[in-house]
Every structure is written in C-alpha cells, then in structure tokens.
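Below: the structure, in structure tokens.
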Amino acid sequence: MKFGIMVNEGPYTHEASDTAYHFTKAALEAGHEIFRVFFYHDGVNNATRYTVPPQDDRNIQVRWSELAEKHNLDLVVCIAAAQRRGILDENEAKRQGKDGDNIAPGFRISGLGQLIEAGIQCDRLVVFGD
Amino acid sequence: MKFGIMVNEGPYTHEASDTAYHFTKAALEAGHEIFRVFFYHDGVNNATRYTVPPQDDRNIQVRWSELAEKHNLDLVVCIAAAQRRGILDENEAKRQGKDGDNIAPGFRISGLGQLIEAGIQCDRLVVFGD
Amino acid sequence: MAMLHTVNKSPFERNTLDSCMRHALPGSAILLIEDGVVAATKGTAVEGKVKEKMGDVSFFVLGPDLAARGLGEDKLIDGISVVDYNGFVELTTKYDNVQSWL
Amino acid sequence: MAMLHTVNKSPFERNTLDSCMRHALPGSAILLIEDGVVAATKGTAVEGKVKEKMGDVSFFVLGPDLAARGLGEDKLIDGISVVDYNGFVELTTKYDNVQSWL
Amino acid sequence: MSDVKKFLYVNRKAPYGTIYALESLEVVLIGAAFEQDVALAFLDDGVYQLTKDQNTDGIEMKNFSPTYSALGDYDIRKIYVEKESLEERGLTIDDLQHLTYEDEDDDWAEKDSIQVVTAKELAEIMDQSDVILSF
Amino acid sequence: MSDVKKFLYVNRKAPYGTIYALESLEVVLIGAAFEQDVALAFLDDGVYQLTKDQNTDGIEMKNFSPTYSALGDYDIRKIYVEKESLEERGLTIDDLQHLTYEDEDDDWAEKDSIQVVTAKELAEIMDQSDVILSF
C-alpha cells in the first residue's frame, strides 16, 4: 500500500513524532511505500539541525534524516508553518533576508499542496498530532 | 510588586506567549517590577530570530525583544530545553559544533537555576502554558 | 492565604477546570483565560457546576479572550466579573498567590 | 466502510475518547496509543464506558506505549488486543480508512 | 481509485487558544484548488470557530473568522456542525456566522452552507470520507 | 519574606506522551540545590509518572522513572499523591514505586516519601505554598 504520513507536533515535547517514526519504519519493513511525510503545525520543528538532545536520549531529527536517506523518503516541511516557527533553508533565508538557515539534511520546504497531493495519491493518510 | 513570568509554550501554536506578553506589559504599565521572564519547554521557541510571521499578524519574537529593550527586561531561555529544540546562541553553537545560531536580540541562554531564583526573589511567579 | 487560580482550557475539552474547582478553597478566586473563557457562558453543560462553586469562590473572566471568541458579555453567567489584562495583574496582587492550572 | 480510529489522549484528561466513541460505527475499531493507552486498563472510572462500546467496536492498544507507562498486560480489560508498531500498520491496511482523533 | 476523493476536515478545537483552527483553514483554502469533494466538520470545541462577532483587538491576533464566509467562493458548500456539540455549549445556529454559497445549478441562488447534523449523521459522513484530516 | 520558601511542584500529566513530566523533574533536581522547602504533588494523570516497572525499550525514549527513587538523596521527602486520582484510574499505592528517604533526625532511618492525601488535604497544601510550579 501507499502511505502518506502527517506529523503535527514538534520533537520531544509530544510523542507524535516518535509514533510517526516507528509507524513509518514498520510500514517500510512490511514492504509498503511511504509516498511522503508531511510536517505541519509545530511538526516543522522536527526539521532543525540545531537540536542537541541529551546523549542518553534519542536524536529525533537525525533519526528522520537517516531514515530518509536509507529509504529515499520525501520529508516535506510546510513553508507557511515553517515561517511562523523559524525553520529556514538556504533559499528561504535569502528570500527573507535572514543571516542563516537551520534545516536538516533530507528535509525540504514546500507548500500545503504537497499534503493535499499525498491525500489524493495515497491509499492511507495517517495523522500524528497532539 | 516584583513579578517572575514563566512561558512554557512556543509562539503562535499556543496563546500562552501572547497572554504572558500582555500580562507583562500591563504589569510594567502599573509600575510593577518584572524580575525575569523565563522561557521553558517549547517556550524556548519564542527566542528564534528566524521566524517570518505573515505580514498581517503580530511578530511575537520582535514584540518580546522590543519590550525587553524598552524596559531592560531579563529574558532567559533554559539551556537544557533550548538544546532539545534547536535554539542556540553564538557560544552554544561553538560549544556544540553547530554552524550557526538563531537566538534573537534581548534573549539570553542560561540554566534552570534562574527559574528557581525567580521563585525565591519574586512576590509572584505567574506561569503561562498549555 | 487566598489563592488566585487561572484556568486556560475549555471544560468541554479537558479536566482542568474540574480539577481546579476540586482544589479551590473558599475565599479563593478562579480567573478564566484563553480557551477557558467558554466556561463563563450561560446555558452550557457545565453551568450548574460553575454556579455551585460560585457560592464559595469568586469567578473572573478575561474580556479580550471572550471578545475574540465572539462571546458577548450578555452571554455571561450572572456574577462573573470581566477583567482586562490590567485587571488580571491587579488580581495577582490582591490575592496572596497564583496557581496556574496547566 | 470500516474505520480504524486512533486515540492518543487519556480519557481522564480530555474528551477525545468520548468523542471518538460517540462517532465510531459498529464494525469499526479503536486503537489506543500514546497517553490514550490508560483507557485500556481495568478498574478505572471509564472502564464501564469502554466495555459497553466493546459490544460494537473492536479495541486495540499499542503495547510499547503500555509498557512505557508501567501498565502490564495483566491490567488490561479482557478482550482488548495488544499490538506493536507492525500490528498498527497492519490495522491501517485491514480497515478501509484511518481517522486520528486529535 | 476514482478521480475525485472525498476530503473531510475535522475541526474539534476552539480558535485562538491554539493555532489548529487557523492552520486548518489554510489547508482548506489551498486544498480547494485541487477539485476534490470537500467537506468541513465542526464538532466539540470546533463549533466556537464559527461564532459571529469575533473581535481580536484585545488579544492582538489576526481575526481569521471572516475567511469562513469566503469559503463559498472557493466552492466549499458542505459545512457540517454537530447538534450535540452546540447544545452542550449553550449555542444555537443563530450564534454562528451565516455562511452561504451560490448554486450554479439553480440559477446562482444563494444557499446555506452550514448543515446542523446529529452525531449519528456525522459518524456516517466520516465513514463515507476517503481522506480525513484532523485538527 | 522568610529565608526559605515553600516550593510546590504540581504534576498533572502522564509521562512520555508529553515532555512535561521529564522537564518538571529536571527543575526539581536543579531546585534541590537551593535549600528551599520542597514538595511534589502528583494528581490527575500525574500519578502515572510514579508507576513501577516502566519499560521504554519499545518507544525508544529515555526511561526517567528511576530518577524518582533518587529524590530522597536530594533531600526531597514530601511527595504527595492524590487518593481520588489513584482511585479514578484503578491504581493503588502498590502500583507505584516505593520511594524513601533517610531521616537524619531519626538515626538515618529509612522512611516513606510518598503520602497519599485527599483532594481536600492537597488543596490545603497548595494553599500553604509560596511558589507553585505547574507542569
């Protein structure tokens, strides 16, 4: 089956991103296709490479980036939600006149249409949030 | 009176930061002292200068930074909470080997002791959260 | 001591107001803010509980949050006082302490 | 169609499970995850409501979340099935659709 | 798979206290361009999103409630409000905005977008949807 | 103002679903160095923070529950658990970790840190506190 995944909360604060990660990994292991993981609301905060979690805890951002690399996942961060919360890639930083960017490897910034497209294309859209 | 303010949620997602801001401003206008504003949990996300809110909406970070400048406020971001969520100043970026920082003017990163101190020193500690 | 309690969540969504009312002593006050303001309106499923507690405890509601949600003061339960942010600050100084029910 | 509903909040804190149960049709399933798993345990104030709904709807609970909260499978209401993340994925494929109660 | 899917946006949270209502609306507006079969459901505290006379001057947030009245122009005609949720909150349909659309199949007559439905009816609507986005 | 203030940490949320329980504990540990009069209250879903046998291998989060048993070493002796909250959740004191401290005034005898209190008693404890931190 073809899955779309939506992540609506930031890392560490809510379990949503953890559950979405374990679900995505299990779906891939079962041979399903992950069409896209879409990060919305505070979910965009999963995409900052500036996090430094305690050494004895999981690194949520790195875990997503590694899963994306291994399975060629499409991790999409909503641009409107990202602007409100300070998640930038190089292009956005330039466009907004900001002096740096913080997006992590494997994530890309795009529009809400990517979420609707996932809804249309996928057999199941599974939402994880608060 | 001497007030301590604690902000536990990020900007835009929850109203907590807005309410804390309006409370702080009203307390200052009434002649009270704001000993410190302490940002904890997702509250640390108020301190990123990378946000670009829509033009017809308030800019929560800028509002805090300006209030701090005008009234010489002490805006403290918890270091442990900031590390988990990707909020860095120049020192922290260097120490953690990150290639940039995102802290906004008027905020400083420090430890949880600053919160306890506010509890000891202030007549009232008012907490805003989810 | 007399405490000022703040409640910022809807009583229809969370147990926050219930828990606050269970622990608010006579003579204390409850200030409804943010999504919590909906508990101050008439004709709701929680109106009875709020009115009962009003015998013991003073209720206040944050006006700017009420207005944002389109809830006019004509919709308020009688006896609940509306305050603005200045009034919120005043209440924290008038009562001996503040407890935020998060 | 038969829907898989997910509930991730405690029934003691929020109205999520109540709202889900009010809208879950016979033949659908409810999967309790994250803080929602506490609704699957015996002897609670919501046990009766859950048991009543079990006549119509299948209940599942996410094992890793149960274990994290120190709730052993011996504490579960009889008839609620434990699944792991693989089982969660399987349920989403077995039912026609998924609705997350956020 | 048919060409058109039934999208249902489920709104269960009050506005302004959290951002979910506003950001849900942003999805709806973008989604309207995709020519799918779109419906919105307002239940639990979500019904507060549709109240009349919202005034956000005091909290200094953007008042996004006028956007709901523009949904008709986006050809969004199915707005379901749950009866039980209104009653629990002491609200009636008269407390909500009057939302309409123009029906091109009926000489552009102005019609009501909001339908008050029971929980049982809403459960059926949910059951018949292909994509459910919850906010 | 007296030299020592009564700090009360109010814990109302379940662990792991959100980070509040863990980050509350981090404040408690730092706060212990300030020689104030410290008490912890666990009510509503906060009582789940103290359950025995938490195993987070499956969710791959850090299991922070062993930290509660170290609180005695930080001289934190007053841990209040609300009776009504336990009952509503079908829990008893036996479902919780056994937390203790050594009483220096009583020849270092090991004593229970947890006291099960009623809502009414907890209300009085809250009322007598100088600084209330809610998580």
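In what follows, chains carry the letters A, B, and so on, assigned in the order in which the sequence lines appear, proteins first and then strands, with residues in each chain numbered from 1.
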Open item on the list: Is it the case that over 12 heavy atoms from other parts of the model lie below 6.0 angstrom from the CD atom of E:E35?
Closed with: no
TODO: Inspect the surroundings of CZ in E:F34 and state if more than 12 heavy atoms from other residues, nucleotides or ligands are less than 6.0 Å away.
DONE: yes
No hydrogens needed, just list the donor-acceptor pairs between chain E and chain C under 3.5 Å.
from	atom 1	to	atom 2	distance (Å)
E:G17	N	C:D35	OD1	3.3
E:D45	OD1	C:S10	OG	3.3
E:D45	OD2	C:S10	OG	2.6
E:T51	OG1	C:R69	O	2.8
E:N55	N	C:A67	O	2.9
E:N55	O	C:A68	N	3.1
E:E88	O	C:A45	N	2.8
E:D95	OD1	C:K75	NZ	3.1

Open item on the list: Which one wins on heavy-atom pair count under 4.5 Å against chain E: C:A68, C:P64, C:G72, C:G70?
Closed with: C:A68
